[in-house]
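One structure is given here, and the rest of the page talks about it.
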Number of protein chains: 2
Amino acid sequence: MSLREEILEASKDILIKDGFGKMSMRRIARRADVTATSIYLYFKNKDDLLLTLIQESIDDLKAALEDVIDPSKDFIQQLEDMARVYIRFALNHPKEYEIIYMVRPEEMPKYPREKFNEVRSAYELLADIIDRGRKENLIEVDDPLISAYTIWAQIHGVVSVIINKRLDTRIPYDKFIDQAVDHIIKGFIIHKTPA
Amino acid sequence: MSLREEILEASKDILIKDGFGKMSMRRIARRADVTATSIYLYFKNKDDLLLTLIQESIDDLKAALEDVIDPSKDFIQQLEDMARVYIRFALNHPKEYEIIYMVRPEEMPKYPREKFNEVRSAYELLADIIDRGRKENLIEVDDPLISAYTIWAQIHGVVSVIINKRLDTRIPYDKFIDQAVDHIIKGFIIHKTPA
DNA sequence: ACTGTTTACTTAACAGTGTTAACCTATGTT
DNA sequence: AACATAGGTTAACACTGTTAAGTAAACAGT
């Protein structure tokens, strides 16, 4: 394993085990058994390292979503599958998911917007499915991209509430998730009422 | 104005103008024209100061929501009003809104969970309205609290996507918001189909 | 075999961070 | 006059991200 990979490994390990706040260059270096300055040989700065980590997480999430795509399936079932895989990924890899949305673009002006736009490719998976539903005349939709973002925003909200532990402790996760997924999908397909 | 208030004022000013990352104790102190250590006379530590700031933002948000409550209004209209006021508050005070959800409970173990639970009182406003809809037999709902959280999570998702600049630049905010609010409310009331 | 260059890394340092202990000084109390 | 308290300060500790300069090994050319 190259040093670059070892640094990434160490960073991820610290992120998951010790949390974002403890993820300092020196601590990463210590775990990778080098000095902190060596990290700068492979990454421009901490933001760069972070962005690489983010990109890896995005790739993982995207792979999980691609895995669940099955054109033979019912359109609505397909939507629900994607929603549930997304939520499951986020809850199973909370730190990886968090890091994707933790870093704020305006606080990293050194980096090109394109990097962030790569996240978008994940939504395009969803937009494609929605477009399929439109072509099959199952739903009425203005713009599949807007719809994809709308759905995704809603799901992200559900996930983020759970991960950030903002949910009332009296509410069980699964019941909350079930109801949310149900609402999100119904709110979306209601636009085309069956004749 | 007491020094405590001046510190809070300076903190908020820095948060809004310079961003969260620049909000250091020494910078706050400089702006409030004292030394950094003086802050510790009024706040236990930085987290405590932050929590106070959060609480103030929550109070503002709650006040905005309470303002829009009008029992004489149509139930669905009432829901939509609340959603839109919530979104407008968040977009008009992005830094204040952000800070509410930025601080992670697990990273502030020094503080009692109760403090975070105070945020909940805002949802209870929503839960009350939902309960009203149930009593008037306009909707069918298992648990008003779960429903309140479900709706709120979805709205939070919409807001957070915009604030964190994660929305595709081709999508106009207002169109996105309109569609999202529409979906969220429809997905919620669909459970009770009119006879 | 002796140079020169590149690669991979380290040491030392700078300016900044949150936080604490110790100190000072003016005010009010007995 | 002696003491206590309130409201600050200075100095320091252990940390942070980051850079400039130095080092030591590997490689290339003559």
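In what follows, chains carry the letters A, B, and so on, assigned in the order in which the sequence lines appear, proteins first and then strands, with residues in each chain numbered from 1. Atoms considered below: every heavy atom in the structure, side chains included; atoms not considered: hydrogens, waters and symmetry mates.
For the side-chain contact (heavy atoms from CB on, under 4.5 Å) with B:R84, the lone residue among B:V68, B:D178, B:I155 that qualifies is B:D178.
By the 4.0 Å N-to-carboxylate-O rule, B:K135 lies close enough to B:D131 to be salt-bridged with it.
Put simply, CZ on A:R4 is 17 Å from P on C:dT7, counting in whole angstrom units. With rounding to whole Å, B:R27 atom CZ is found 10 Å from C:dG16 atom P. Going from atom CE of A:M23 over to atom P of D:dC15 covers 19 Å, rounded to whole Å. Taking atom CG of residue A:L3 and atom C1' of nucleotide C:dT10, one finds them 13 Å apart after rounding to whole Å. The distance from atom CD of B:E6 to atom C1' of D:dG7 is 14 Å, rounded to the nearest whole Å. Taking atom CG of B:D48 as the reference point, atom P of C:dT19 lies 10 Å away to the nearest angstrom. Atom CG of B:N45 is separated from atom P of C:dT17 by 17 Å (rounded to the nearest Å). Between A:I28 atom CD1 and D:dG17 atom P there is a gap of 7 Å when expressed in whole angstrom units.
Of the listed nucleotides (C:dT19, D:dT9, C:dC9), C:dT19 has the atom at the smallest distance from the side chain of B:M25. For A:Y40, counting side-chain heavy atoms from C-beta on, the closest listed nucleotide (D:dT9, D:dT19, C:dG18) is D:dT19. Looking at the side chain of B:L41, the nearest of the listed nucleotides D:dG8, C:dT17, C:dA21 is D:dG8. Closest to the side chain of A:S24, from the set C:dG18, D:dT18, D:dG17, is D:dG17.
At D:dT9, one or more side-chain N or O atoms of B:T35 fall inside 4.0 Å of OP1 or OP2 (strictly under the cut-off). Checking the phosphate oxygens (OP1, OP2) of C:dC9, a side-chain nitrogen or oxygen of A:Y42 falls inside 4.0 Å. Between B:S38 and D:dT9 there is a side-chain N or O to OP1 or OP2 distance below 4.0 Å.
The closest side-chain donor-acceptor pair between B:H156 and B:Y149, if any, does not fall under 3.5 angstrom.
For the pair A:T37 and A:K22, both in contact range of DNA chain D, the more 5′-proximal nearest nucleotide belongs to A:K22.
Counting distance only, with no hydrogens placed and no angle test, the side-chain atoms of B:R26 and the base atoms of C:dG16 include no donor-acceptor pair under 3.5 Å.
The closest donor-acceptor contact from the side chain of A:N164 to the backbone of A:R166 lies at 3.5 Å or more, if one exists at all.
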Original post:
Under the side chain to side chain contact (heavy atoms under 4.5 Å, CB included) criterion, do A:S160 and A:I163 qualify, and how do the steps go?
Top reply: CA-CA 5 Å; A:S160 117; A:I163 288 184; 5.7 Å; no
